[in-house]
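Worksheet for the structure shown next.
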There are 2 protein chains.
Amino acid sequence: MKVTGDQALVKKINKSLILHTIRKHPELSRARISEMTGLNKATVSNLVAELQEEQLVLEVGTGESSGGRKPLILHFHAMAGCVIGMELRVKQLTAVLCDLNGKVLHEAEAPLQQHDLPYVLENMKTMISGLIAKAPPTHYGVVGIGVGVPGMVDEDGVVLFAPNLAWEKVELRKLLEESFSIPVIIDNEANSGALGELNFGRGEDVRHLLYVSAGSGIGSGIIIGGELYKGSRGYAGETGHMCIEAEGTPCSCGSRGCWELYASEKAYDLAAVELPAYQTPELIRFAAEGNAAARQQFAVMGTYLGIGLTNLINGFNPELIVIGGPLSEARTWLEEQMQQVVARRTLPYHKQQLEIAFSTLGSRATMIGAGFSAAMHFLGHTRVMV
Amino acid sequence: MKVTGDQALVKKINKSLILHTIRKHPELSRARISEMTGLNKATVSNLVAELQEEQLVLEVGTGESSGGRKPLILHFHAMAGCVIGMELRVKQLTAVLCDLNGKVLHEAEAPLQQHDLPYVLENMKTMISGLIAKAPPTHYGVVGIGVGVPGMVDEDGVVLFAPNLAWEKVELRKLLEESFSIPVIIDNEANSGALGELNFGRGEDVRHLLYVSAGSGIGSGIIIGGELYKGSRGYAGETGHMCIEAEGTPCSCGSRGCWELYASEKAYDLAAVELPAYQTPELIRFAAEGNAAARQQFAVMGTYLGIGLTNLINGFNPELIVIGGPLSEARTWLEEQMQQVVARRTLPYHKQQLEIAFSTLGSRATMIGAGFSAAMHFLGHTRVMV
DNA sequence: AAAACTTTGTTTAACCAATATACAAAGTCG
DNA sequence: CGACTTTGTATATTGGTTAAACAAAGTTTT
């Protein structure tokens with residue numbers, strides 16, 4: 001059944017519009033909101049009153065007057081509740097407790113020794129319980145848990161396939177919701193990272209963003225029109241297996257010449273010369289110390305990174321690309337080659353408005369984005385397309 | 001200023017919902033519409049009455065009863081007006097006059113000898129005038145003109161760049177609207193083709209579709225969530241310049257190893273052996289007659305087509321891919337290799353729900369899609385996202 | 001300092017679209 | 001022929017936005 005229009009819908013649209021306007025622009029008065037949104041002053045007053053009752057908006061004193069009554073300044077009440085954002089990595093579990101605006105209140109971290117589901121689930125539950133215990137007293141309490149995982153996830157929060165964990169069809173959302181009775185949002189690690197960067201990193205006011213997470217493989221989070229694009233069954237963005245060498249090295253996916261064989265940590269196995277180290281942080285240290293083999297390795301990977309990016313640019317035409325994941329820490333040795341290749345290979349019109357940047361949230365992008373998803377799910381978001 | 005909700009919006013949403021429900025499902029009664037949409041019977045009655053006054057809906061007699069009063073059957077009045085759909089090709093101009101539901105009423109065709117703007121524009125105007133003259137008398141007359149062009153188009157109907165025409169920044173929409181005072185929609189040829197296939201070809205009920213137009217180059221039209229995705233400045237889908245051989249043949253775009261060098265008509269230049277012909281229709285004829293070189297050429301191109309498709313599948317995860325454009329006529333000699341490569345190279349989860357098909361509209365997909373765009377623009381489409 | 005003007009936010013009455021309910025119209029079936 | 005069904009319309013109610021008037025709280029001018 002499709003979505004029909006009635007007065008309840010109108011109210012939902014306008015309330016959502018006002019709430020998110022306040023959330024994105026602090027220091028607004030009712031009068032300014034009325035101007036910005038086009039809603040009548042009376043409508044704004046009524047809906048703001050409801051949002052205040054719901055503890056989502058606060059009056060925080062008066063602002064400066066420009067020849068009349070002083071405006072009453074409204075704030076989004078980010079501490080009306082908390083959310084937990086978590087990232088499940090191959091060797092590590094990390095999580096944050098955030099307010100509803102993504103501000104980090106607590107962090108947690110634990111190593112993972114193995115990948116069997118009971119073990120990992122136990123660790124996740126322990127970490128979540130720990131953060132819930134640390135949560136400050138708020139009106140709504142902990143209202144959502146978001147988790148970014150290294151694999152494909154469907155719309156029901158089932159991890160369909162996570163090769164690095166050897167997981168298949170794990171009903172992660174259901175398992176966690178049964179334990180905590182709090183809404184759980186599961187998403188791909190790159191998708192969460194994209195949301196993190198869009199909302200708290202470089203992505204302010206960007207409508208089309210590509211977040212490329214380079215680590216043990218490559219995954220992309222695709223933001224289209226300000227929204228996460230997930231593909232027909234929820235797992236688009238598997239760009240790591242895009243072929244960039246038709247008859248290249250065979251890949252575990254069944255194809256050959258996949259991008260991530262050349263531009264992720266998997267490339268270490270293909271290095272022409274022996275490397276001083278085969279872990280990214282160590283290799284970065286060697287590069288910083290002037291090791292030629294390490295620098296050369298990153299230069300080659302930067303080139304291939306650029307080739308894959310060019311393909312993504314031609315296909316998606318984003319305004320901004322953010323490089324994240326563990327490999328983004330090697331920026332200094334990757335960037336020059338990468339930018340050169342992109343400059344040389346992209347179509348002239350694409351160059352004009354494209355920016356390629358490295359993550360500002362670093363390794364925290366995914367968990368912050370996952371927390372943000374949970375917060376948005378709690379706040380709701382209804383709007384109209386013409 | 002953002003879109004706010006009020007009663008006018010509610011009415012617009014519901015009216016649009018009813019109109020498009022009737023358009024897509026003939027033989028509906030008011031009662032069935034009420035059931036399908038969830039709208040109250042009275043609401044449906046009121047809005048249908050308005051649509052009848054606007055000549056967009058007709059009562060066409062009664063249907064079968066199942067034990068009560070016979071239902072009054074409603075039809076979308078496709079002949080309330082006409083639209084023109086046009087395709088601008090390198091050597092040819094083709095156009096159709098359609099009713100509001102995409103049914104072709106008249107066709108026109110003319111060769112193009114050169115590409116300078118005044119000449120092409122003159123030909124376009126002559127053809128459009130001719131079709132307008134042939135249009136049957138309808139309530140609204142000709143309500144829109146849609147044009148598919150081989151190049152990048154921005155949201156203002158400006159052809160930014162069309163290498164095969166040597167056009168740059170041509171304000172095509174403005175030029176045509178000034179001549180005819182009818183709304184004009186300009187779009188990329190592949191985008192229009194995608195819309196054509198989505199609505200009148202293989203794409204019924206498909207939400208994520210990729211239309212790959214293979215001819216003198218390769219372009220893709222991307223349908224996401226039932227809507228055309230155009231990228232940040234309106235020209236995504238330039239997938240022909242996706243790199244599939246990192247150090248491959250240099251391309252005119254500045255890059256190397258671009259897909260369209262190996263899988264479009266450009267591949268004829270790279271053929272290992274001498275070909276019996278260098279025009280697609282002739283080469284197809286040779287292949288049909290058993291010519292080994294021609295068949296081998298198509299087999300190789302099918303392989304490369306499959307490699308590029310695999311990349312698109314991993315990135316966009318569509319439900320359906322439709323191959324169109326002149327090369328789709330060589331289906332018999334392309335398909336086997338292409339499907340084999342895709343089957344071998346795509347990730348297991350992508351295979352499950354993916355179908356790759358060849359165009360059913362053939363060379364008419366683009367102009368029919370362009371006409372459809374114009375019709376949709378006239379009818380309007382307002383809906384809600386949650 | 002008083003009067004005039006400005007700006008903010010609330011109150012009031014009017015409007016209008018969807019809805020539930022009742023109802024009329026037009027059929028089927030035993 | 002009477003009981004039941006289904007379709008489509010009429011009526012009163014509900015509940016949201018809005019324009020306009022107004023109250024509150026400032027600043028500027030005289």
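Residue numbering restarts at 1 for every chain, and letters A, B, ... go by the order of the sequence lines.
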Side chain to side chain donor-acceptor pair (under 3.5 Å) filter on A:R32, not counting sequence neighbours, yields A:E35
Over how many whole Å does the gap from B:E59 atom CD to D:dT7 atom P extend?
14 Å
Determine whether a donor-acceptor pair (one donor, one acceptor, N or O, separation below 3.5 Å) exists between the side chain of A:N40 and the base of D:dA19.
yes
Which nucleotide in the set D:dG8, D:dT18, D:dG16 lies at the smallest distance from any side-chain heavy atom of B:P71?
D:dG8
Phosphate OP1/OP2 of D:dG8 contacted by B:S29 side-chain N/O (<4.0 Å)
yes
Want to settle it: does A:G68 or A:A8 sit nearer the 5' end of DNA chain D, counting the closest nucleotide to each?
A:A8
Charged N to carboxylate O under 4.0 angstrom, B:E155 versus B:R173?
no
What's the CD-P distance between A:E50 and C:dT10, to the nearest Å?
13 Å
Sole candidate of B:I73, B:V48, B:L72 that passes side chain to side chain contact (heavy atoms under 4.5 Å, CB included) when paired with B:E59
B:L72
Quick one: B:L9 CG to D:dT17 P, roughly how many Å, whole number?
12 Å
Rounded off to whole Å, could you give me the CG-to-P distance for the B:L47 and C:dT19 pair?
10 Å
Before giving the answer on side-chain contact (heavy atoms from CB on, under 4.5 Å), spell out for A:I13 and B:L9 the whole-Å C-alpha distance, their side-chain angles and the decisive distance to 0.1 Å.
CA-CA 11 Å; A:I13 291 170; B:L9 177 78; 4.0 Å; yes
Touch check for A:A31, heavy atoms < 4.0 angstrom, all strands: base, sugar-phosphate only, or nothing?
sugar-phosphate
Taking D:dG26, C:dA26, D:dT14 as options, the one with an atom nearest any side-chain atom of A:Q7 is D:dT14
Counting only distance, no hydrogens or angles, is the base of C:dG9 paired donor-acceptor with the side chain of A:K41 under 3.5 Å?
yes
Regarding the side chain of A:V10, the nearest nucleotide among C:dG9, D:dT17, C:dT28 is D:dT17
Taken to the nearest whole Å, CG/A:N14 to C1'/D:dT18 is 12 Å
Taking the side chain of B:S65 as its heavy atoms from C-beta onward, which of D:dT9, D:dT18, C:dG27 lies nearest to it?
C:dG27
Earlier contact from the 5' end, DNA chain C, for A:D6 and A:L72:
A:L72
Expressed as a whole number of angstroms, how long is the span from A:L39:CG to C:dG9:P?
15 Å
Under-3.5 Å donor-acceptor pair between A:R69 side chain and C:dT7 base
no
In a check of side chain to side chain contact (heavy atoms under 4.5 Å, CB included) between B:V57 and each of B:I18, B:L47, B:L51, which one passes?
B:L51
Identify which one of A:L209, A:I222, A:L198, A:D187 satisfies the side chain to side chain contact (heavy atoms under 4.5 Å, CB included) criterion when paired with A:L228.
A:D187
Atom-to-atom span, CD1 of B:I13 to P of D:dT17 - whole angstrom
13 Å
Presence of A:R32 side-chain N/O under 4.0 Å of C:dT7 phosphate oxygens OP1/OP2
no
Candidate nucleotides D:dG26, C:dG9, D:dT6, ranked by approach to the side chain of B:S66 - the nearest
D:dT6
Measure from NZ on B:K11 to C1' on C:dC16 and round the result to the nearest Å.
9 Å
Residue-phosphate contact under 4.0 Å: A:S45 side-chain N/O, C:dG9 OP1/OP2
no
